[in-house]
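Here's the structure, in structure tokens; my notes come after.
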Amino acid sequence: MSLVLHVAGDRWRTHLRSVADGHPGLVPVCKGNGYGFTLGRLARKSQWLGVDTIAVGTYDELPHVATRFDGSLLVLTPWRPFGAALEVDPALADRVVHTLSRPQDVDDLLRRQPDARFVLERMTSMQRHGHSARELWAAARTLADHRSARLEGVALHLPLAQGSHLGEVERLLTDVVAAELDTRTIWVSHLTDAELATLRASYADYDIRPRTGTALWLGDRGALRVTATVLDVHPVERGDSFGYRGRTAPKSGHLLVVSGGTAHGIGLEAPTGDSGLKARAATLARGGLDAVGFVRSPFSIDGKQRLFAEPPHMQASMLFLPSGSRVPDVGDEVDVRVRFTATAFDRVVVE
Ligand SMILES: *Cc1c(COP(=O)(O)O)cnc(C)c1O
């Protein structure tokens, strides 16, 4: 019935434990759809790992994790003097670590909550949020006027690795040192183990805390399997029409209705193979189904990725299985390849 994420429990937990053991100061990132697992489950697993801090993406995500994890809650979206940032449950005020990315927000937050906990974000080549070197220096001066402020470190959000980050991180850390901030903690993302080790060696008096989501939760893909269920099977002859658009079958085979559609985040994938005219003519000559406009789906049967008979529906998808293939039964499971961070599973089953 459902689109299911199956988790091999022992194997997954062993992986999580080994990442945590290998990365002192690890900050598990629990944001968005919880990387497919749900935010609540990631919060509970973080509690089990014994870390002192987790990161959420937005203020709105706080209620999903706060009752399942009892440590500090770093919010990755920078604080602004409006919206959800001003609506934090007062009961959480002492556990929330804000991210401040503009000097005026440092002053503004501390006027509202003089003992706020926060990190100062330094702009990186990502160019998303953060203080310039000069602004970081200005923020340090502002902090001198706020004696009860609790500065918890400086945060750097680095792009996904295209070569080494070390040159950039070292330039940025030079600014951090120059700002003479009263902290020795640097929160980073997307550094390799080797980069972390090099940084720790050259900044031995700093605590480097890696914020990690993908490599933690999704780092052992072999522990994860996604399945849909065959809900219906219909034989079709060439020329039979089907689907919302009254399309006709290009040859005989079977239509398969499987669970999983747009509501789950199942989308159209790229058409198969080369779409050049010559290639199309060649596939047409071979009777290839992509030549008649069928598009590869993320569902696979007997190890082969199957074609959508038409674009996915809200809860289900229609696949076309040409004659000659083994036809699964109603109730059979089929494997699905998904982007975990963009998929809403009906169920997560830890086995
Ligand atoms: C999402 C995010 C991370 C974690 O990213 P992964 O690629 O999932 O490890 C770290 N830092 C910030 C600021 C983020 O937004």
Side-chain angles (χ1 to χ4, degrees), residues 5 7 12 15-20 22-39 41-43 45-46 49 51-62 64-65 69 71-80 84-85 96-102 105 117-131 136 152-165 168-169 172-173 176 185-196 199 207-221 223-224 265 338-343:
L5 168 57
V7 183
W12 191 52
H15 165 75
L16 299 181
R17 179 62 72 200
S18 84
V19 174
H23 299 85
L26 177 77
V27 181
V29 174
C30 310
K31 69 181 178 187
N33 70 341
Y35 291 79
F37 300 93
T38 73
L39 290 172
R41 180 173 276 102
L42 298 191
K45 277 289 162 289
S46 301
L49 282 172
V51 297
D52 65 5
T53 307
I54 62 174
V56 294
T58 65
Y59 284 94
D60 296 295
E61 290 167 354
L62 286 170
H64 296 278
V65 301
F69 172 79
S72 299
L73 306 166
L74 171 68
V75 182
L76 296 171
T77 298
W79 185 90
R80 290 289 182 265
V96 169
V97 179
H98 303 275
T99 295
L100 295 175
S101 69
R102 308 185 301 171
D105 292 338
R117 301 173 64 196
F118 60 93
V119 296
L120 292 176
E121 183 162 12
R122 171 73 175 93
M123 179 66 88
T124 70
S125 60
M126 277 274 290
Q127 298 281 9
R128 194 162 75 179
H129 306 293
H131 295 79
L136 201 62
E152 307 262 355
V154 173
L156 306 178
H157 189 38
L158 297 156
L160 295 166
Q162 322 269 328
S164 173
H165 289 113
E168 174 172 10
V169 174
L172 295 170
L173 288 187
V176 172
T185 305
I186 309 292
W187 309 67
V188 295
S189 59
H190 300 145
L191 292 182
T192 63
D193 289 356
E195 289 172 331
L196 278 171
L199 269 189
D207 272 335
I208 313 275
R209 304 206 59 175
R211 295 172 311 220
T212 307
T214 306
L216 176 65
W217 308 119
L218 300 173
D220 182 4
R221 292 296 167 106
L224 311 174
V338 298
R339 269 181 74 196
F340 291 88
T341 52
T343 305

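Just so you know, ligand 1 is whichever comes first in the structure, and atom 1 is the first atom listed for that ligand. The figures here come from the full heavy-atom set of this structure, side chains too, leaving out hydrogens, waters and symmetry mates. Treat the numbers as computed from the prediction; the structure is a model and nothing was measured.
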For the CG atom of L158 and the CE atom of M126, what is their distance to the nearest 0.5 Å?
8.5 Å

Verify, without hydrogens or angle tests, whether W187 (side chain) and L120 (backbone) share a donor-acceptor contact under 3.5 angstrom.
no

Residue among R117, H98, R209 satisfying side chain to side chain donor-acceptor pair (under 3.5 Å) with E152:
R117

Show me, by chain and number, every protein residue that has a heavy-atom distance under 4.0 Å to ligand 1.
V29, K31, Y35, L76, R128, H157, S189, H190, R211, T212, G213, T214

Within-4.5 Å side-chain heavy-atom neighbours: Y59 and W79
yes

Just checking, is any N or O donor in the side chain of H157 or S189 under 3.5 Å from an acceptor N or O on the other one?
yes

Return the minimal non-hydrogen interatomic distance between F340 and N33, and the atom names on each side.
O-ND2, 2.8 Å

